[in-house]
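Down below is the structure, laid out as structure tokens.
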Amino acid sequence: MKQNKIAILASGNGSNAEAIMAWAIESMKAEVVCVLSDKKKAFVIERAKIKNVPTIIIPYEKNEGRASHEKKMIESLHHFQPDWIVLAGFMRLLSPLFLGAFENRVINIHPSLLPLFPGKDAYGDAFRAKVKESGCTVHYVDEGIDTGPIIAQTKFQLIEGESLEDFKRRGLEIENQFYPQVLEKILQAKK
Ligand code: GRF
């Protein structure tokens, strides 16, 4: 059975989401069935619309609690019957409630060579630590902060004297190439 339906969860800019949508459309190896965001104004929504991918916006309502928010996300996602939940800059931690609804099918990309520099500002943390090389990691998601089993990593060197902005820009470009490649391999392995 083909298992190639992807739902993307993203909170912000969406360059990884766009790269995955473009890869799916061009290669026809996957179908991005929807893009879900918890942020109404996230740029990823515009990117999805341009690619004719359905969008879902489920903001976290003040004080509603994680379970209530996750239940809404699960319910909406189930309509699209995704085989995979692909996080691309989704800024919320997921609980066992959500992860249990999509067991072993939730994937994330993190901009460091995990287990180094987990957390929100991995590029900044690696840069300030003056590392010689960094990279990005595609991993399964568990309830921890960037702690799930590692699927694949790619490395790149820091350039002497480059700014944090340049380092981030280069890193993001690498992420945008790497994420679809890894997803393609995961889908291939599950055929
Ligand atoms: C990326 O650096 C990703 O690794 C991290 O959040 C950032 C999202 O960027 N989880 P974008 O929204 O895909 O452009």
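Just so you know, ligand 1 is whichever comes first in the structure, and atom 1 is the first atom listed for that ligand. Along the sequence shown, the residues carry numbers beginning at 1.
Proximity to Asn13 (heavy-atom distance under 4.0 Å) selects the following atoms of ligand 1: 12 (O), 14 (O). Ligand-side atoms of ligand 1 in range of Leu172: 1 (C), 2 (O), 9 (O), 14 (O), range being under 4.0 angstrom from any heavy atom.
One N or O on the side chain of Glu70 and one on the backbone of Ser95 form a donor-acceptor pair closer than 3.5 Å. Side chain of Arg47 to main chain of Ala19: no donor-acceptor pair is present (N/O by atom type, distance under 3.5 Å, no hydrogens or angles). Without hydrogens or angle criteria, His69 side chain to Ile58 main chain gives a donor-acceptor distance under 3.5 Å.
At the shortest separation from atom 10 (N) of ligand 1 among protein heavy atoms lies Ile109 O, 3.2 Å. In this structure, atom 14 (O) of ligand 1 lies nearest to the protein heavy atom Ser15 OG, 2.6 Å. For atom 12 (O) of ligand 1, the closest non-hydrogen atom on the protein side is Gly14 N, 2.7 Å. Of the protein's non-hydrogen atoms, the one nearest atom 6 (O) of ligand 1 is Gly89 CA, 3.6 Å. Looking only at protein heavy atoms, the nearest one to atom 1 (C) of ligand 1 is Glu175 OE1, 3.1 Å.
The aromatic rings of Phe102 and His78 lie tilted to each other, with the angle between the two planes from 30° to 60°.
Between Arg169 and Glu173 there is a salt bridge, with a side-chain nitrogen of the basic residue lying less than 4.0 Å from a carboxylate oxygen of the acidic one.
Ligand 1 does not have Ala10 within reach: every non-hydrogen atom of the residue lies 4.0 Å or more from it.
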For this session: Check the pair Lys39 / Met91 against side chain to side chain contact (heavy atoms under 4.5 Å, CB included), numbers first and verdict last.
Result: CA-CA 10 Å; Lys39 299 282 179 214; Met91 298 310 283; over 6 Å; no
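With Trp84 as the fixed residue, the side chain to side chain contact (heavy atoms under 4.5 Å, CB included) test singles out one of Leu183, Val33, Ile6: Ile6.
For ligand 1, one of its N or O atoms has an N or O atom of Asn16 under 3.5 Å away.
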